[in-house]
Number of protein chains: 2
Amino acid sequence: MTVSTIRSVAKYAGVSIATVSRALARPNAVRPGTREKVLAAVAALDFVPNAQAVQFRRRATRTVILLVRDISNPFYLDIFKGVEEIAFAAGYRVLMGDARNEAARVGHYVEMVRRRQADGLILMTGWLPSPLPKPSALPPIVVALEFIPEADLPTVTIDNQAAAKQAVDHLVGLGHRRIAHLTGPTPEVMSLGRHEGYLSGLAAAGIEPDPDLIVRGDFHLASGRAGVVELLARGVDFTAIFASSDAMAVGAINELRARGQRVPEDVSVVGFDDSIFAEACDPPLTTVRQHRREIGGRAMELMIEILSGRKPQRSSICVDVELVRRGTTKPSLAHPSDAPLPTKEAP
Amino acid sequence: MTVSTIRSVAKYAGVSIATVSRALARPNAVRPGTREKVLAAVAALDFVPNAQAVQFRRRATRTVILLVRDISNPFYLDIFKGVEEIAFAAGYRVLMGDARNEAARVGHYVEMVRRRQADGLILMTGWLPSPLPKPSALPPIVVALEFIPEADLPTVTIDNQAAAKQAVDHLVGLGHRRIAHLTGPTPEVMSLGRHEGYLSGLAAAGIEPDPDLIVRGDFHLASGRAGVVELLARGVDFTAIFASSDAMAVGAINELRARGQRVPEDVSVVGFDDSIFAEACDPPLTTVRQHRREIGGRAMELMIEILSGRKPQRSSICVDVELVRRGTTKPSLAHPSDAPLPTKEAP
DNA sequence: CTGTTAGCGCCTTCAT
DNA sequence: ATGAAGGCGCTAACAG
């Protein structure tokens, strides 16, 4: 590891340190001959500017933190990718933080940027440390995909309700009328939005919602299995399931199969996310795609605008979703009415 | 965002900045009364030390970069988690870098630490920028799970050969003798190790390897499907498949099913990694588990030792793997000999 | 165009 | 136990 400083380069090139600095930062602010000399010295001494000193001087770290709820979720990978691409291109670095589902850790990361370890925070947790610091004490924050009702922060989201409605519309279009919903953890805005979308999809089709068709999950695979177990235990009829996450959809499919039901022949299933599970699923999963790269990218763009002191045009952005029709949905064989399914053994 | 500095705190408390610094860094190097005053001032002014200044002064960033081959791979999530846990506890931060499979980007990250943006680099790519900088120009690097033959760097790995052999031993123990291997991308050390393990597993059982049973893949799902297509096209008999990654195993299973073969009844399948695919698979995948958290943690521990100037006891660590028997393997129905499978339609 | 100079915010001897 | 002072390596006025 080299240790040469700007001073040694200056001496070697026979110029002042200011000239070295300029030759490196704005090459054409310096006479070509001088530039040559400096560059030669830089090469000879294998000089690399000390980034810490530069950033300290400039009062900027050019680093942002992407803080996620739980890093085990592969969902965040593409978000990260979107953030990182934009960040990299703009000369920023991305520090990935894992909140491990603990509010306290969010506080830690907020503290990090207050201490100037980073310039800003892209938040993908639904909470901020409480008591909420007064707005003036909050560092630059952009919220992605989540909602923090208490604070009015710039946000990049999708329209969960419209997205869920699309999924239900698809099912309805296929002739399904007994559609179950595996929801996300329910006090959360995201889960609620998707559930409302489910309800409005039913309403649009003139279908009366049936509380027995609604099962609460937590987005994880196991809760998808459990959801099907519950549905079957209730003895309720259904020809389709809308799951608020792909992982739950896969869990549900596995459980349905274990119970002798075929997908999509007996039951159609739609997921949400278009995550890595969707393509690994057999048949591939029909699902609502979230453009994760784009969401991440947009969030980073917002952050850059904020950090540049420019006031962003829109402080909140809504990214479109897209229904991806694949193999787990097909037309309902049930009568157009609410007639029970052909034959279904109880669990 | 607060802007108070140590100087304002000093003035407020009526002491010198040196005292403030001490009161914060080593509280008992200062008289209790003074400490009180300082702490009160800190609280009143909502002072947080500027981390950039501190680190600049101390010539350390307390940040390490975890650079992965391709961030889209969920495999790295748990590695990150392991790294981050140890790092966090030791007061380090982890910057996640994505090499996007490009050697040039590795160079970029090496450069980052040379510029003192970070103290060290945990490398999970199989390459370093070439031409290789002379060792003296290399920053602190720990290699995890990969191998960089050209350079002699501290490494945390698993014994790929022994691990693969375990998988094959398991299959052999179940009575399988016609075992296919879906390899990883082949010029790479990791893939080669696993293939050697496969071969030695066969050798130990006195089974002659059959080149027709070996298909090259790239660790991804699609190549698992393609591998089965190839195997079937070759018209070769097999009762089991060992795939060098879980993703390939899942792809293979999906393709087998599409061709009317049952898993594990007709064909047993073993994967490698125990990744997120393994549990989502139906039935759950028998696979070789890599303890990713531990691997990450060990790598970070090594890094901390190196950065602390302590010479690590062992510069290379090998983490154990574990065969996880689940639902995709069962005893072979084929004759104990090399007899062809009962009935199998050609593709 | 180039050099001189004054810090950025903090830690750390070195005196007192 | 405390204060004064000197940088860390660099950038950004300000003069020339």
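- Not counting sequence neighbours, R35(B) has no partner by the salt bridge (charged side-chain N to carboxylate O under 4.0 Å, His left out) test.
- Taking A151(A) as the reference, L128(A), L132(A), I148(A), L153(A) meet the side-chain contact (heavy atoms from CB on, under 4.5 Å) condition, with sequence neighbours excluded.
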Give every pair of a protein N or O atom and an N or O atom of nucleotides 1-4 of chain C that lie under 3.5 Å apart, one pair per line with the distance.
residue, atom, partner, partner atom, Å
dT2(C), OP1, T34(A), OG1, 2.2
dT2(C), OP2, R31(A), N, 2.8
dT2(C), OP2, T34(A), OG1, 3.4
dG3(C), OP2, S16(A), N, 3.0
dG3(C), OP2, S16(A), OG, 3.3
dG3(C), OP2, T19(A), OG1, 2.7
dG3(C), N7, R22(A), NH2, 2.7
dG3(C), O6, R22(A), NH1, 3.1

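- Judged as a side-chain contact (heavy atoms from CB on, under 4.5 Å), and not counting sequence neighbours, the contacts of A53(B) are F56(A), N50(B).
- Taking every heavy atom of residues 55-62 of chain A and every atom of DNA chain C, pairs under 4.0 Å involve F56(A), R57(A), R59(A), by number.
- For L145(B), the side-chain contact (heavy atoms from CB on, under 4.5 Å) partners two or more places apart in sequence, or in a different chain, are F75(B), I79(B), M124(B), I158(B), Q290(B), I295(B).
- The side-chain hydrogen bond (donor to acceptor under 3.5 Å, both in side chains) check on R292(B) picks up D78(B), with sequence neighbours excluded.
- With sequence neighbours excluded, no residue satisfies salt bridge (charged side-chain N to carboxylate O under 4.0 Å, His left out) with R22(B).
- Taking the salt bridge (charged side-chain N to carboxylate O under 4.0 Å, His left out) definition, one finds that K37(B) meets it with nothing, sequence neighbours left out.
- Remark: E102(B) engages no residue in a salt bridge (charged side-chain N to carboxylate O under 4.0 Å, His left out) (not counting sequence neighbours).
- Scored by the side-chain contact (heavy atoms from CB on, under 4.5 Å) test, R298(B) finds V156(B), E294(B), E301(B), I317(B), V319(B) as partners (sequence neighbours excluded).
- Where DNA chain D meets chain A (any atom under 4.0 Å from a heavy atom), the bounding nucleotides read 5' to 3' are dG9(D) to dA13(D).
- In the model, T5(B) has no side-chain atom that pairs as donor or acceptor with a side-chain atom of R7(B) under 3.5 Å.
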